[in-house]
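Everything quoted here is computed from the prediction, not taken from an experiment. Chain naming here is simple, since letters A, B, ... match the order of the sequence lines and numbering starts at 1 in each.
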Number of protein chains: 2
Amino acid sequence: MIDKFIEILREHNLKKTPKRIAILQLLESQSTYISPLELWDILKQQFTRIGLPTVYRILQQFQEIGIVASIQKEDNQLYYFLCSTQQDHHHFICRKCHKVSCVEYCDFDTIKQLVENQLQSKAETHFLQIEGLCKECRDS
Amino acid sequence: MIDKFIEILREHNLKKTPKRIAILQLLESQSTYISPLELWDILKQQFTRIGLPTVYRILQQFQEIGIVASIQKEDNQLYYFLCSTQQDHHHFICRKCHKVSCVEYCDFDTIKQLVENQLQSKAETHFLQIEGLCKECRDS
DNA sequence: TGATAAACAAAAATCATTTTCATTTAGAAT
DNA sequence: ATTCTAAATGAAAATGATTTTTGTTTATCA
């Protein structure tokens, strides 16, 4: 599965480097969102020399080529997670374990209509994020 | 209408100061979102001595007592606008003039059900933000 | 008026994120 | 295998939004 991502890297002229692979593996092993700093802490155990800007750079690049996505949190920091679904969808975030799941749902037509009726305005995009407890955390 | 807000200030032991009043008036005159820095630039024309931290503090306090709300933008900066609607609702933002309007709509029950069915997870909260062109901007 | 709790300015601190630049590395071409 | 070149990286410094600190001022109430 990592191979699929490396293929995408190649398509975008991004080289297959040990650090990129390590980040992909880390993101894949846990489907939770993570901050550049947290990721750096983990990577420092694997690499003697790794700079925080590298982590930031790689995550940004991954986002640009559509293999990771980021979420909005009220602390106004960046959090990333693996998500290569191109299709219009939203995310469910577990507030306990921070796992992110895709939600295949989008009622944008209804929203569009509502905004049209209520405000006579033209809805173009929307952002929906759902939070709660995931299957595992709700039971424990 | 400013009086209503000053009453709320009093209820929360916040004094009626010239700067707070000025900020309330500015927020009310334009129903657009604004950053602390932009607000500061305007206030500096009115007050010889006014610090940026004051602007930040006042906006935070206003948010705490529920008379302003903030929006999420991809630049990860803070933007505030007047909104004292307590009821569950969402916001429509004009991408051209930055006007913010409340959207009286919330399909959380459907979302809850969907998350339950798709992920067996428990949806607790959600965040929806709609962007587009407001009535005025779509016509011009 | 005074008293006093809150508000404020100014300056410095904090902290996430980005830039710069010199060095190293991956991957293609030889 | 070796060379070449663009891309990747580390280290250090820069940036820029936001927050804290501290000493002074102000709003409100007795």
Side-chain angles (χ1 to χ4, degrees), chain A residues 2-3 5-26 33-65 67-68 70-80, chain B residues 2-3 5-26 33-65 67-68 70-80:
Chain A
I2 293 287
D3 291 344
F5 294 123
I6 290 166
E7 178 58 32
I8 298 172
L9 290 187
R10 181 169 294 113
E11 286 166 16
H12 291 270
N13 280 322
L14 295 180
K15 290 176 179 168
K16 171 187 165 185
T17 68
K19 278 144 200 185
R20 288 203 176 120
I21 294 168
I23 289 179
L24 283 172
Q25 283 171 338
L26 276 167
Y33 66 80
I34 192 166
S35 70
L37 200 72
E38 290 165 338
L39 202 48
W40 188 45
D41 279 335
I42 300 172
L43 290 164
K44 275 191 290 192
Q45 298 166 10
Q46 261 179 78
F47 298 94
T48 354
R49 308 175 93 238
I50 178 157
L52 185 52
T54 300
V55 181
Y56 273 95
R57 260 181 310 225
I58 291 178
L59 288 171
Q60 276 174 1
Q61 292 163 338
F62 283 2
Q63 185 165 36
E64 277 162 25
I65 65 176
I67 62 185
V68 309
S70 59
I71 57 158
Q72 308 257 13
K73 294 246 298 153
E74 43 208 71
D75 64 1
N76 267 41
Q77 274 180 246
L78 297 172
Y79 291 92
Y80 293 92
Chain B
I2 292 287
D3 291 345
F5 294 123
I6 290 165
E7 179 57 33
I8 297 174
L9 291 187
R10 180 169 293 111
E11 285 167 15
H12 291 270
N13 280 323
L14 296 179
K15 291 175 179 170
K16 172 186 165 183
T17 67
K19 280 147 198 184
R20 288 202 177 121
I21 294 168
I23 288 179
L24 283 172
Q25 282 172 338
L26 275 168
Y33 67 79
I34 192 165
S35 70
L37 201 73
E38 289 166 338
L39 202 47
W40 189 45
D41 279 337
I42 300 172
L43 289 164
K44 275 192 289 192
Q45 297 166 10
Q46 262 179 79
F47 297 94
T48 355
R49 308 176 92 238
I50 179 158
L52 185 52
T54 300
V55 181
Y56 272 95
R57 242 180 280 131
I58 292 178
L59 287 171
Q60 275 173 0
Q61 291 163 337
F62 284 1
Q63 185 166 34
E64 277 162 24
I65 64 175
I67 61 183
V68 309
S70 59
I71 57 158
Q72 307 260 12
K73 293 246 297 153
E74 43 208 70
D75 64 0
N76 267 42
Q77 273 181 249
L78 298 172
Y79 291 92
Y80 294 92

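- When distances are taken from the side chain of A:Pro18 to each of D:dA8, C:dA26, C:dT18, the shortest belongs to C:dA26.
- For A:Lys16, the listed nucleotide lying nearest its side chain is C:dG27; candidates were D:dT20, C:dG27, D:dA12.
- Rounded to whole Å, atom C1' of C:dA26 lies 13 Å from atom CD1 of A:Ile58.
- The CG atom of B:Leu43 sits 17 Å away from the P atom of C:dA7 (whole-angstrom rounding).
- Between the C1' atom of D:dA11 and the CZ atom of A:Phe47 lies a distance of 18 Å, rounded to the nearest Å.
- Whole-Å rounding puts the A:Leu39 CG to C:dA16 P distance at 15 Å.
- Side-chain polar atoms of B:Arg20 and B:Thr17 form no donor-acceptor pair below 3.5 angstrom.
- You'll find that the side chain of B:Arg49 is closest to C:dA10, out of D:dG10, C:dA10, D:dA8.
- Atom CD1 of B:Ile65 and atom P of C:dA7 are 10 Å apart (whole Å).
- For the pair B:Ile71/B:Tyr80, no side-chain contact is recorded, criterion being any heavy-atom separation below 4.5 Å from C-beta on.
- Side-chain contact between A:Ile58 and A:Lys19 is present, with at least one heavy-atom pair separated by less than 4.5 Å.
- Closest contact between the side chain of B:Pro36 and the listed nucleotides C:dA26, D:dT18, C:dT18 involves D:dT18.
- Rounded to an integer number of Å, the gap from A:Glu11 CD to D:dA7 P is 17 Å.
- One can find a donor-acceptor pair under 3.5 Å joining the base of C:dA5 and the side-chain atoms of B:Lys15.
- When all heavy atoms of A:Val55 and A:Pro36 are compared, the closest pair comes out as CG1-O, 3.6 Å.
- Closest to the B:Leu52 side chain, of the nucleotides D:dT18, C:dT17, D:dA11, is D:dT18.
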*side chain to side chain contact (heavy atoms under 4.5 Å, CB included) between A:Tyr79 and A:Gln72, worked out*: CA-CA 7 Å; A:Tyr79 291 92; A:Gln72 308 257 13; over 6 Å; no

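- With distances taken from any side-chain atom of A:Tyr56 to the nucleotides C:dT17, C:dA10, D:dA27, the minimum falls on C:dT17.
- Protein atom CD1 of B:Ile21 is 15 Å distant from nucleotide atom C1' of C:dC8, rounded to whole Å.
- As judged by a 4.0 angstrom heavy-atom cut-off over every strand, A:Leu37 is placed among residues making no nucleic acid contact.
- Comparing B:Gln77 and B:Thr17 by the nucleotide of DNA chain D that holds the closest heavy atom to each, the one mapping nearer the 5' end is B:Gln77.
- D:dA7 atom C1' lies 9 Å from atom CD of A:Gln61, rounded to whole Å.
- Taking every side-chain heavy atom of B:Ile50 into account, C:dA9 is the closest of D:dA11, D:dT28, C:dA9.
- Nearest-nucleotide assignment on DNA chain D puts the 5′-proximal partner with B:Arg57, out of B:Arg57 and B:Arg10.
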